[in-house]
Amino acid sequence: MIERAIELAALGRAASPPNPSVGCVIVSADGVILGEGHTQRVGGPHAEIMALRDAKARGKNIRGATAYVTLEPCCHQGRTGPCCDELIAAGIRKVVASMADPNPLVGGRGFERLQAAGIEVMVGPGAPESRELNIGFFSRMIRKTPWVRMKVAASLDGKTALNNGASQWITSESARTDGHLWRARSCAVLTGIGTVLEDNPQLNVRLPNTSRQPDMVLVDSRLQTPLDARLFGSERRVFIYTATRDNAQKAVLETRGATVIFLPGANGKVDLKAMLSDLSSREINEVHVEAGAKLNGSLIREGLVDEFLVYLAPKLIGEGQGMAHFGPLTDLAQALPLEFKSSEPVGADIRIVARVSQRDHF
């Protein structure tokens with residue numbers, strides 16, 4: 001039944017951030033599913049509550065049943081009440097959970113409360129899958145920084161645009177739609193001022209039934225963001241990180257709804273590592289990077305990218321703009337080591353997910 005709970009958790013991945021995406025299945029002693037659910041949009045019910053409500057709607061008696069859940073039930077009062085208390089009150093006999101919650105407000109206390117109420121607790125089944133579904137949440141809780149995924153659309157020879165900047169469209173419509181699914185699961189989309197000035201993109205999620213737009217993060221060292229930029233057009237938070245203390249321009253951008261954060265680093269640029277730490281404090285689990293070669297290179301050079309989402313089109317461009325500007329390296333041993341997590345066709349293109357070696361060992 002934990003497999004079904006994991007399937008349910010995946011269904012809530014786009015809606016649940018900054019909460020982890022959790023699935024729950026309540027099963028009778030003879031193996032009949034009584035209720036099931038997954039985490040709803042932030043501020044809404046958690047998976048356990050949805051499963052309890054589902055069982056009630058079905059008219060099922062759940063006393064003595066087992067709850068299979070992909071993460072430790074919460075035991076603290078946050079935006080919603082403790083799920084532990086609801087499971088105890090409902091008469092659940094046993095809880096099978098994939099993992100302990102890395103949130104220090106929970107961190108085993110949920111299991112302790114259940115056991116104190118006489119509920120049997122088993123931990124472990126489905127742990128790798130549950131952690132992978134919520135790798136950004138685990139990153140924020142344990143490393144105090146978001147999980148950073150860099151998306152690139154390129155030709156087979158690694159070019160993201162022609163020399164004149166033309167890039168629409170190197171990859172297929174199928175690849176672009178798939179990219180929106182990855183945007184949707186993120187907490188924030190990050191880009192640089194160069195992309196805004198050149199392309200004026202929205203960088204929002206344009207999919208049917210989208211219930212939540214990821215926040216927008218812009219690296220703008222000199223505070224050049226136009227007031228009519230399309231990134232302001234969606235209902236989402238917009239964070240602009242800058243190395244320029246221009247109070248007048250800051251005030252004007254804030255009238256457009258932006259939050260302007262002064263985080264100077266070296267050479268008049270934004271301190272990117274400090275930016276990620278700040279985003280973590282703002283409950284950002286996953287950062288989805290869609291930027292130009294310059295910012296991509298800076299993030300790679302500083303060791304801030306965890307994973308690459310690359311769409312390769314079956315075409316050759318020759319001279320053109322590359323994925324990232326960093327280096328030059330003087331030895332192949334200096335190359336960034338990656339591990340391929342998946343490779344599969346998406347329309348006419350190939351989608352590759354590659355992770356920085358051992359980056360997820362936390």
Side-chain angles (χ1 to χ4, degrees), residues 17-18 135-152 182-183 185-199 201 203-204 213-226 229 231-232 234 236-247 249-254 256-309 323-326 336 355-356 359-360 362:
I135 194 156
F137 180 74
F138 275 79
S139 176
R140 176 166 68 89
M141 289 296 159
I142 297 172
R143 301 192 303 174
K144 308 303 180 187
T145 189
W147 183 259
V148 178
R149 180 181 296 110
M150 181 175 287
K151 181 255 185 180
V152 176
W182 288 81
R183 276 187 196 174
R185 65 170 282 177
S186 69
C187 287
V189 176
L190 182 149
T191 197
I193 185 61
T195 298
V196 171
L197 294 176
E198 291 172 17
D199 300 333
L203 289 176
N204 59 355
Q213 286 291 342
D215 295 331
M216 185 70 230
V217 178
L218 176 60
V219 178
D220 181 4
S221 295
R222 292 187 290 174
L223 220 53
Q224 299 172 285
T225 306
L231 59 86
F232 291 119
S234 299
R236 58 181 174 181
R237 298 187 299 179
V238 176
F239 300 111
I240 300 176
Y241 288 88
T242 185
T244 300
R245 195 180 288 280
D246 184 336
N247 290 331
Q249 182 67 359
K250 176 177 182 287
V252 172
L253 288 168
E254 287 177 344
R256 296 289 283 121
T259 299
V260 180
I261 302 107
F262 179 65
L263 274 183
N267 303 317
K269 302 296 183 181
V270 170
D271 186 330
L272 297 176
K273 185 175 181 179
M275 175 191 70
L276 292 177
S277 179
D278 184 71
L279 288 171
S280 175
S281 72
R282 299 175 190 273
E283 297 189 304
I284 300 298
N285 297 336
E286 288 189 10
V287 172
H288 179 92
V289 180
E290 293 198 34
K294 190 174 180 179
L295 179 54
N296 283 353
S298 296
L299 290 165
I300 293 169
R301 188 184 309 112
E302 295 188 30
L304 302 178
V305 181
D306 299 302
E307 190 170 72
F308 294 86
L309 172 67
M323 298 181 183
H325 291 167
F326 67 100
L336 182 65
R355 187 166 293 177
V356 177
R359 187 57 63 86
D360 54 1
F362 54 83

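Computation of the quantities below employed the complete heavy-atom set of this structure, encompassing side-chain atoms and omitting hydrogens, waters and symmetry-equivalent molecules.
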Study note, to complete from the structure: Taken to the nearest 0.5 Å, the spacing of L276 CG from K144 NZ works out to 15.0 Å

Check your understanding: Cation-pi between R245 and F262: NZ/CZ under 6.0 Å from ring centre and within 45° of the ring axis?
Key -> yes

Review point. So, for V196 and P226, which heavy atoms are closest and what is the spacing to 0.1 Å?
Key: CG1-CD, 4.1 Å

Revision key, fill the gap. Taking every heavy atom of M216 against every heavy atom of L203, the minimum-distance pair comes out as CE-CD1, 3.8 Å

Practice item. Using side-chain contact (heavy atoms from CB on, under 4.5 Å) as the criterion, point out the one residue from L253, I193, L223 that pairs with T242. Key: L223

Point to revise | Spacing of CG belonging to L190 relative to NE2 belonging to H288, to within rounding of 0.5 Å | key: 10.0 Å

**Study point:** Non-hydrogen atoms of S221 and K269 that approach each other most closely
**Key:** OG-CA, 3.6 Å

**Study point:** Expected output: side-chain S280 to main-chain P146 donor-acceptor under 3.5 Å
**Key:** no

Practice item. Walk me through it: do E307 and V356 pass the test side chain to side chain contact (heavy atoms under 4.5 Å, CB included)? Key: CA-CA 6 Å; E307 190 170 72; V356 177; over 6 Å; no

Review point. Which value, rounded to the nearest 0.5 Å, describes the distance between N285 atom CG and R140 atom CZ?
Key: 4.5 Å

Check your understanding: What's the spacing between F362 CZ and S139 OG if we round to 0.5 Å?
Key -> 4.5 Å

Point to revise | Check ion pair D306-R359 (N to O, under 4.0 angstrom) | key: yes

**Study point:** Sub-4.5 Å side-chain heavy-atom contact between T145 and S277
**Key:** no

Point to revise | Nearest-0.5 Å distance that lies between atom CG in L218 and atom CD1 in I240 | key: 5.5 Å

Check your understanding: Tell me the salt bridge (Lys or Arg N to Asp or Glu O under 4.0 Å) pairs involving residues 279-289, sequence neighbours left out?
Key -> R79-E283, R149-E286, R185-E286, D278-R282

Review point. How many angstroms lie between atom OG of S186 and atom CD of E290, to the nearest 0.5 angstrom?
Key: 8.5 Å

Check your understanding: Side chains of E254 and T259: closer than 4.5 Å at any heavy-atom pair?
Key -> no

Check your understanding: Would S298 and L272 satisfy side chain to side chain contact (heavy atoms under 4.5 Å, CB included), going step by step from the backbone distance to the final call?
Key -> CA-CA 8 Å; S298 296; L272 297 176; 3.9 Å; yes

Review point. Is a donor on one side and an acceptor on the other found under 3.5 Å between the side chain of N296 and the backbone of M323?
Key: yes

Check your understanding: Would you say W147 and V305 make side-chain contact, with heavy atoms under 4.5 Å?
Key -> no

Check your understanding: Going through the checks in order, is the side chain to side chain contact (heavy atoms under 4.5 Å, CB included) test met by R237 and I284?
Key -> CA-CA 11 Å; R237 298 187 299 179; I284 300 298; 3.9 Å; yes

Review point. Which atoms form the tightest heavy-atom contact between A324 and I300, and what is the distance?
Key: CB-CD1, 3.6 Å

**Study point:** Minimal non-hydrogen separation, T225 against Q249, with atom names
**Key:** O-NE2, 3.7 Å

Check your understanding: Is the closest side-chain heavy-atom distance between D215 and F239 below 4.5 Å?
Key -> yes

Point to revise | Student check: side-chain heavy atoms of M150 and L299 closer than 4.5 Å | key: yes

**Study point:** Side-chain touch V270/P264, heavy atoms, less than 4.5 angstrom
**Key:** no

Review point. Looking only at heavy atoms, which two atoms of P214 and V189 are closest? And how far apart?
Key: CG-CG2, 3.9 Å

Review point. Are any of the side-chain heavy atoms of V219 and T191 separated by less than 4.5 Å?
Key: no

Check your understanding: Are the side chains of D360 and R355 in touch, meaning some heavy atoms are under 4.5 Å apart?
Key -> yes

